[in-house]
Amino acid sequence: MLIDCPWCGERPLHEFTYGGDANTTRPLESTNKDPGEDLAAWMDHVYLRANPAGPHKEYWHHVSGCRSWLIVTRDTTTHIIDQVAFAAPRAKEVQE
Amino acid sequence: MRYSARSLLRNALSGQKHWPKVWREPEPKPAYDVIIVGGGGHGLATAHYLARNHGITNVAVLEKGYLGNGNIGRNTTIVRSNYLCPANIAFNDHSLKLWENLSSELNYNVMLSQRGVLNVFHTPAQRDAAIRRGNAMALQGVDAVLLDRKDVKKLVPIIDTSAKARFPIMGGLLQPRGGSVRHDAVAWGYARSADAQGIDVIQNCEVTGFTIENGKVLGVQTSLGAIKAKKVAICVAGRSSLVGAMAGLRLPIESHVLQSYVTEPVKPILDTVVSFGAAHFAVVQSDKGGLVFNGDLDGYNSYAQRGNMQTLTSAAACAASFMPCFGRLRMLRHWGGINDMTMDGSPIITKTPVKGLYFNGGWCYGGFKGTPASGWTYAHLIANDQPHDLAAKFTLSRFETGLTLNESGHGPMPGEH
Ligand SMILES: Cc1cc2nc3c(=O)[nH]c(=O)nc-3n(C[C@H](O)[C@H](O)[C@H](O)COP(=O)(O)OP(=O)(O)OC[C@H]3O[C@@H](n4cnc5c(N)ncnc54)[C@H](O)[C@@H]3O)c2cc1C
Ligand SMILES: [Zn+2]
């Protein structure tokens with residue numbers, strides 16, 4: 001498997017580490033007095049996954065390259081990669 | 001027909017032409033008391049114990065491919081109960097006790113070989129962890145023996161125990177009752193026994209949906225049409241999330257590929273199951289002489305039943321460093337299986353929010369050894385609508401309550417367990 005890093009170009013799998021499903025969003029700082037109300041959102045973020053057979057949006061870290069975190073769309077049945085983008089813009093979006 | 005010395009002799013004298021088929025090939029009936037989805041080891045074991053322990057025989061096992069196509073026919077055949085969490089020790093030791101009598105119970109030789117399972121360690125911290133694990137096992141009456149470096153050398157002379165080794169070995173933890181089992185025979189033996197007790201084992205029948213009304217399951221849709229059932233039990237290992245989603249379940253599971261590798265056959269050289277401590281790597285010699293290796297997961301979600309080269313290379317490097325005499329062997333084949341990796345590395349055997357629908361999965365890459373106990377406790381759950389004591393902790397709710405069963409302490413990273 002080769003991943004086309006937007007900074008470094010096509011690089012082999014062993015330069016990257018896997019960061020898991022990129023579809024979950026960390027719940028925002030709680031405003032609820034009762035923490036139980038946030039439990040479902042945290043449960044979903046920490047533990048529950050769609051785990052599809054097909055296109056999967058996932059984090060990869062180019063750890064032995066430019067060290068960027070990437071969001072890769074890869075088919076889990078063929079390993080064909082459709083899209084690679086930096087993760088930073090999405091992280092900013094979520095913060096705002 | 002019972003297999004015996006007499007039936008062997010009779011069939012030998014009549015040219016081996018009169019052996020009956022091992023199981024029937026029935027058409028699905030319109031309705032069953034219980035439908036089991038998935039004819040892997042666990043589904044077939046569940047069918048056998050539903051009949052044997054609970055007298056429930058109006059049952060169908062629906063398998064989308066052929067029996068044994070999944071992980072039951074792809075694993076490295078290692079059975080043991082050397083766990084750390086008390087619930088996992090108790091469950092897997094019950095399983096080991098069932099293995100010990102399985103060939104005679106099924107009247108089918110599953111070739112259990114209790115040759116011992118040895119996990120070596122390389123550092124004082126790993127030694128402490130091994131002692132802790134051994135003590136946890138001993139507390140439940142399970143066999144565990146601590147070995148020093150010399151004992152390891154005596155037990156398995158081909159291990160490089162020299163100080164020059166890349167990762168010098170300090171000793172090991174041995175479970176003498178651990179060993180290996182012929183995996184295909186387990187699928188065939190359970191299928192034959194379930195069939196003989198009147199259960200329909202139906203191959204090439206894929207479940208494509210569930211019929212659910214008012215929160216209660218009424219049956220399944222399949223590639224061979226709709227079938228009604230009072231109870232439906234999911235048991236599909238690597239495809240748990242996909243089948244679960246058909247019933248609206250969102251699960252704490254990711255599917256990851258694990259590879260196995262087998263070398264050219266050689267004369268008997270290794271009569272113990274051994275695992276390395278410096279990386280994920282284990283080896284067992286098969287009855288045909290091949291050395292069967294397994295190593296790390298490939299490391300990312302996958303539904304492809306094949307693996308990548310870098311993981312193979314790393315397993316081969318482990319082999320050569322652990323037992324240098326393997327360095328010149330040629331690898332013959334490698335294959336992959338899709339493992340249902342949970343967020344804490346332990347399995348799930350539970351009721352679901354849908355009435356009459358049960359879920360068994362999350363076996364990670366260690367569910368072969370649990371096959372008998374999984375079938376035993378799942379059959380109990382289905383028959384009584386109450387969990388069996390030995391599986392009572394394998395819930396879905398443990399993730400919400402914080403009562404996870406995390407052997408390795410890796411946290412919610414399924415690919416790391
Ligand atoms: C390479 C490898 C090595 C391993 N080594 C070991 C080991 O040494 N020791 C150990 O204890 N464990 C080991 N394991 C793990 C063990 O093999 C599994 O945990 C266990 O086999 C899973 O249960 P099963 O046998 O029921 O799964 P499977 O045999 O995979 O059964 C699931 C069945 O469900 C069927 N199915 C899926 N979807 C549908 C559908 N929609 N409709 C109908 N049927 C469906 C599949 O076709 C399949 O036959 C290993 C696994 C792998 C891949
Ligand atoms: Zn890069």
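Just the heavy atoms: all of them, side chains too, but no hydrogens, waters or symmetry mates, feed the values below. By convention in this document, chain letters (A, B, ...) are assigned in the order of the sequence lines, proteins followed by strands, and residues within each chain are numbered from 1.
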Proximal component of B:I253, with respect to chain A [non-hydrogen, under 4.5 Å]: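 Looking at B:I253, backbone and side chain both touch chain A.
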Could you pull out all residues at least two apart from B:F322 that satisfy ring-ring contact (aromatic ring centres under 6.0 Å, His included)?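 B:F322 satisfies ring-ring contact (aromatic ring centres under 6.0 Å, His included) with B:F276 once adjacent residues are dropped.
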Using heavy-atom distances under 4.5 Å, tell me whether A:P12 contacts chain B through its side chain, its backbone, both, or neither.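 A:P12 has no heavy atom closer than 4.5 Å to chain B.
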Can you check whether chain B and chain A share any donor-acceptor pairs under 3.5 Å, and give the atom names and distances if they do?
from  : atom 1 : to     : atom 2 : distance (Å)
A:H14 : N      : B:Q310 : OE1    : 3.3
A:Y18 : OH     : B:N301 : OD1    : 2.6
A:D44 : OD1    : B:R250 : NE     : 3.1
A:D44 : OD2    : B:R250 : NH2    : 3.3
A:L48 : O      : B:R250 : NH2    : 3.3
A:R49 : N      : B:L251 : O      : 3.2
A:N51 : O      : B:Y303 : OH     : 2.7
A:N51 : OD1    : B:S255 : N      : 3.1
A:N51 : ND2    : B:S241 : OG     : 2.8
A:N51 : ND2    : B:S255 : OG     : 3.0
A:N51 : ND2    : B:Y303 : OH     : 3.2
A:R74 : NH1    : B:N301 : O      : 3.1
A:R74 : NH2    : B:N301 : O      : 2.6
A:T76 : O      : B:Y303 : N      : 2.7

